[in-house]
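To start, the structure under review is shown below, and the notes come after it.
Computed from a predicted structure; not experimentally measured. Just follow the structure's listing: the first ligand is 1, and inside any ligand the first atom is 1. FYI, the numbering just counts along the sequence from 1.
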Amino acid sequence: MDGNGRWAQARGLARVEGHKAGAEAVRTVVTECRKLGIPHLTLYAFSSENWNRPKAEVSALFSLLLEFLGKEIPRMEREDIRLVVLGDVDGLPLPQRTALRHGMSRTAHCRSMTLNLALNYGGRAEIVRAARRMAEAGLAPGDYSEERFADYLYTAGQPDPDLLVRTSGEQRLSNYLLFQCAYSEFYFTPVAWPDFGVEALHEALRAFTGRSRRFGKTQEQIDAC
Ligand code: FPP
């Protein structure tokens, strides 16, 4: 969800105003995805590297998260949206940790859509954690496989992302879902996250439906299926 800071600065506002507008965009995008029947949506809200930001900005982001959870968890429950956190929840401040755990348990039964919030998340750390958890589970080397490995990631039980959207002109993966995005389609847009609304989402989805996904096969092999 890139571009909050620049969006605010371009308007002569403090960066935190960009994050507030970004939180509104989160509401819009979640609502539209639910309406469209998109079963899984993941938002990268705070990376393990984001701790390096100024203290005031980090604290403003966590306040926004708390406010978001307070308002949205009851709505998510009503709308059958399950909340899952990808990342090190234990490393988050206590109020956010508590609200997230509460949100996850209140929506655990919801099935229409899964909203993954990547928080205190880093893709490399997730891979190392999965390897460690497999070893701790006592798996023999012969039991290791890509499918088995995926069971030890934060996204266990969920399909790999079909589409990765990065806003605000950035064209990097930035340690995001490194294992899971092996075959994802990438969509880069200059639109800043706070301006990423229903129209921009539909444009990204239109671009995705126009892609030809071959998963390593030739077009002839795909056509023959
Ligand atoms: C990146 O933009 C954005 C973030 C690091 C935070 C995203 C957080 C929110 C949208 C709000 C809180 C989250 C939820 C789920 C309610 P940037 O600050 O790097 O922007 P810049 O690239 O223009 O500096």
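Ranking protein heavy atoms by distance to atom 15 (C) of ligand 1, first place goes to L117 CD2, 4.0 Å. The protein non-hydrogen atom at the shortest distance from atom 11 (C) of ligand 1 is H19 O, 3.8 Å. Taking atom 20 (O) of ligand 1 as the reference point, the nearest protein heavy-atom neighbour is G5 N, 3.0 Å. Annotation: atom 1 (C) of ligand 1 to nearest protein heavy atom, M1 O, 3.1 Å.
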Next item on the list: Carefully, step by step, assess L201 and T28 under the rule side chain to side chain contact (heavy atoms under 4.5 Å, CB included).
Entry: CA-CA 10 Å; L201 174 66; T28 306; over 6 Å; no
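Contact annotation: G3 has at least one heavy atom less than 4.0 Å from an atom of ligand 1. Using a non-hydrogen distance threshold of 4.0 Å, K20 does not register as a contact of ligand 1. In this structure, R15 has a heavy atom closer than 4.0 Å to ligand 1. At least one heavy atom of L61 sits closer than 4.0 Å to an atom of ligand 1.
Listed by chain and residue number, F46, W51 satisfy the ring pair (Phe, Tyr, Trp, His ring centres under 6.0 Å) test with F62 (two or more places apart in sequence, or in another chain). With sequence neighbours excluded, the residues forming a side chain to side chain contact (heavy atoms under 4.5 Å, CB included) with V29 are C33, L41, W193, F196, listed by chain and number.
Of the charged side-chain nitrogens involved, none lies within less than 4.0 Å of a carboxylate oxygen, so that R34 and E79 do not count as a salt-bridged pair. Between E24 and K20, no side-chain nitrogen of the basic residue sits less than 4.0 Å from a carboxylate oxygen of the acidic one, so the salt-bridge criterion is not met. With respect to the salt-bridge test (charged N to carboxylate O, under 4.0 angstrom), the residues R133 and E136 do not qualify. Ion pairing between E57 and R53 holds under the 4.0 Å rule for side-chain N and carboxylate O.
Residue contacts with ligand 1: R53 is placed with a nitrogen or oxygen under 3.5 Å of a nitrogen or oxygen of the ligand (distance criterion only). Between N4 and ligand 1, a contact under 3.5 Å exists for at least one N or O pair. Checking only distances, A45 never comes within under 3.5 Å of ligand 1, N or O to N or O.
For ligand 1, the atoms closer than 4.0 angstrom to any heavy atom of G22 are 10 (C). The N50 neighbourhood of ligand 1 comprises atoms 5 (C), with distances under 4.0 Å to a heavy atom of that residue. The contact set between ligand 1 and R6, taken as ligand atoms under 4.0 Å from a residue heavy atom, comprises 21 (P), 22 (O), 23 (O).
Once rounded to the nearest 0.5 Å, the distance linking OH of Y44 with OH of Y121 reads 6.5 Å.
More than 12 heavy atoms of other residues, nucleotides or ligands lie within 6.0 Å of CD in Q219, so this atom counts as buried by the packing criterion.
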